[in-house]
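First up is the structure itself, then whatever we jot down about it.
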Amino acid sequence: MAEPTPSDERRALRAHLQAPPSFAIEGDRGTVTVVSAWGLFSAKRLDEGSAMLLGEVRALAPPSRLLDLGCGNGAVGLALAKNWPASTVVLADKDILAVETTQANVERNRLANAQALLSTGFRELPPEPFDLIVSNLPAQAGNEAIDELLLDAYEHLAPSGALVVVTVRGLKRYIKRRLLAIFGDYHKAKERPRHVVSEAARERESA
């Protein structure tokens with residue numbers, strides 16, 4: 001049998017890349033299909049940290065307005081939109097590929113209550129406050145970027161709103177200190193060898 005030529009290899013590689021990775025997420029109200037894109041985080045499957053985050057958030061009461069910040073391919077926000085059809089779900093990311101992929105998934109799964117938006121942090125998001133903000137925080141972002149995100153999240157939450165984030169365990173103590181400093185509140189919802197899910201609630205201000 002003849003060895004593949006470079007031309008054969010290029011055609012095979014192009015064919016592979018033209019078939020985007022996809023996976024399904026099961027929920028109480030049905031399944032969402034996530035068709036991802038090469039280059040996005042955890043393109044082939046729901047990563048461990050996001051699965052932990054999703055598991056903890058699903059146990060909460062449905063919010064009126066939810067933000068999935070740094071949504072990537074949209075897996076967490078899509079699953080929550082499916083689970084909470086009466087909630088308005090905004091999925092935001094600064095990466096245009098992530099936003100285009102997520103919006104295509106919103107339409108593919110017929111989630112009329114969800115929308116993907118291009119935004120660097122909170123800069124291009126609508127001004128209405130959110131009742132719940134969720135995020136899989138990237139460890140490589142650096143402390144200052146994480147500080148800005150946590151502070152902005154506090155300022156964009158409705159009274160009694162909550163922030164739920166998942167991080168690598170190496171950030172556990174830092175996140176705890178920062179949430180206590182910004183929110184005056186901290187709760188470790190779940191911990192595993194590689195990840196921690198942390199929560200903080202914004203207290204209703206006194207009249």
Side-chain angles (χ1 to χ4, degrees), residues 17-25 27 32-47 49-51 53-54 57 62-158 161-168 171 182 202:
L17 294 175
Q18 287 175 341
S22 65
F23 55 92
I25 304 175
V32 292
T33 299
V34 180
V35 177
S36 192
W38 302 115
L40 294 181
F41 172 69
S42 196
K44 296 181 180 181
R45 64 186 65 84
L46 184 66
D47 66 285
S50 293
L53 177 66
L54 183 57
V57 172
S64 177
R65 286 175 52 79
L66 163 72
L67 171 64
D68 178 4
L69 186 62
C71 63
N73 57 31
V76 172
L78 292 166
L80 293 174
K82 182 74 172 182
N83 202 57
W84 294 330
S87 300
T88 297
V89 179
V90 176
L91 304 96
D93 204 289
K94 64 182 180 180
D95 183 338
I96 190 168
L97 176 61
V99 173
E100 290 176 347
T101 299
T102 297
Q103 185 58 36
N105 281 318
V106 166
E107 295 165 8
R108 179 176 293 107
N109 289 278
R110 299 181 181 179
L111 298 171
N113 60 326
Q115 179 185 17
L117 297 176
L118 183 67
S119 180
T120 301
F122 290 82
R123 294 177 195 173
E124 289 78 39
L125 295 185
E128 295 85 358
F130 295 95
D131 303 289
L132 179 62
I133 298 173
V134 301
S135 187
N136 186 338
L137 295 180
Q140 68 273 20
N143 292 351
E144 289 78 9
I146 291 175
D147 289 348
E148 183 176 23
L149 185 150
L150 298 179
L151 186 59
D152 285 349
Y154 177 87
E155 293 171 350
H156 286 80
L157 279 170
L163 171 70
V164 186
V165 298
V166 63
T167 61
V168 295
L171 287 175
I182 295 169
R202 174 170 178 166

Tell me, which pairs form a ring-ring contact (aromatic ring centres under 6.0 Å, His included) where one or both residues lie in [range], sequence neighbours left out?
| range | value |
| --- | --- |
| residues 92-112 | none |
| residues 67-94 | none |
| residues 98-150 | Phe122-His156 |

Going from [atom1] on [X] to [atom2] on [Y], what distance comes out if it is rounded to the nearest 0.5 angstrom?
| X | Y | atom1 | atom2 | answer |
| --- | --- | --- | --- | --- |
| Leu97 | Leu118 | CG | CG | 11.0 Å |
| Glu155 | Ile182 | CD | CD1 | 9.0 Å |
| Leu149 | Leu163 | CG | CG | 7.5 Å |

Notebook entry, point to check: Given the rule in the side-chain contact (heavy atoms from CB on, under 4.5 Å) test, do Phe41 and Asp95 qualify, once you have shown the distances and angles that lead to the verdict?
Noted result: CA-CA 11 Å; Phe41 172 69; Asp95 183 338; over 6 Å; no

Item checked: Which residues share a side-chain contact (heavy atoms from CB on, under 4.5 Å) with Gln115, sequence neighbours left out -> Gln103, Leu117

Item checked: side-chain contact (heavy atoms from CB on, under 4.5 Å) partners of Pro85, counting only residues at least two apart -> Arg29

Next item on the list: Report yes or no: does Thr102 contribute a side-chain atom to a donor-acceptor pair with the main-chain N or O of Gly72 at less than 3.5 Å?
Entry: yes

Notebook entry, point to check: Does Pro63 offer a backbone N or O that forms a donor-acceptor pair with the side chain of Ser87 under 3.5 Å?
Noted result: yes

Next item on the list: Walk me through it: do Gln18 and Trp38 pass the test side-chain contact (heavy atoms from CB on, under 4.5 Å)?
Entry: CA-CA 9 Å; Gln18 287 175 341; Trp38 302 115; over 6 Å; no

[X]: side chain to side chain donor-acceptor pair (under 3.5 Å) partners, not counting sequence neighbours:
| X | value |
| --- | --- |
| Asn83 | none |
| Arg45 | none |
| Asp93 | none |

Item checked: Validation row: Leu171, Val168 side chains within 4.5 angstrom (heavy atoms) -> yes

Note to self: I'd like to check Leu54 versus Ile25 (side-chain heavy atoms, cut-off strictly below 4.5 Å). Are they in contact?
What the structure shows: yes

Notebook entry, point to check: What's the shortest heavy-atom distance between Ala37 and Ala43, and which atoms?
Noted result: O-CB, 3.6 Å

Margin query: For Ala114 versus Val106, what's the shortest heavy-atom pair and its separation?
Written below: O-CG1, 3.4 Å

Margin query: Listing request: all salt bridge (Lys or Arg N to Asp or Glu O under 4.0 Å) pairs with a residue in residues 111-139, at least two apart in sequence or in separate chains.
Written below: none

Check: Do any pairs count as a salt bridge (Lys or Arg N to Asp or Glu O under 4.0 Å) and have a residue in residues 63-91, sequence neighbours left out, and if so which ones?
Finding: none

Checklist line | Positive for side chain to side chain contact (heavy atoms under 4.5 Å, CB included) with Leu53, one of Val165, Leu46, Val166 | finding: Val166

Item checked: Stepwise side-chain contact (heavy atoms from CB on, under 4.5 Å) test for Val35 and Asn105 -> CA-CA 7 Å; Val35 177; Asn105 281 318; 3.8 Å; yes

Next item on the list: Evaluate side-chain contact (heavy atoms from CB on, under 4.5 Å) for Leu111 paired with Val89, printing each intermediate quantity in order.
Entry: CA-CA 9 Å; Leu111 298 171; Val89 179; over 6 Å; no

Next item on the list: Mark yes when over 12 heavy atoms from residues, nucleotides or ligands other than Leu17 sit less than 6.0 Å from its CG; otherwise mark no.
Entry: yes

Notebook entry, point to check: Does a sphere of radius 6.0 Å around CD in Glu148 hold more than 12 heavy atoms from other residues, nucleotides or ligands, not counting ones at 6.0 Å or beyond?
Noted result: no

Notebook entry, point to check: Quick one: salt bridge (Lys or Arg N to Asp or Glu O under 4.0 Å) partners of Asp147, sequence neighbours excluded?
Noted result: Arg178

Could you list the donor-acceptor pairs under 3.5 angstrom formed between side-chain atoms of residues 134-144 and any protein atom two or more places apart in sequence or on another chain?
unit_1 : atom_1 : unit_2 : atom_2 : d
Ser135 : OG     : Leu69  : O      : 2.9
Asn136 : ND2    : Asp47  : OD2    : 3.3
Asn136 : ND2    : Ser50  : OG     : 3.0

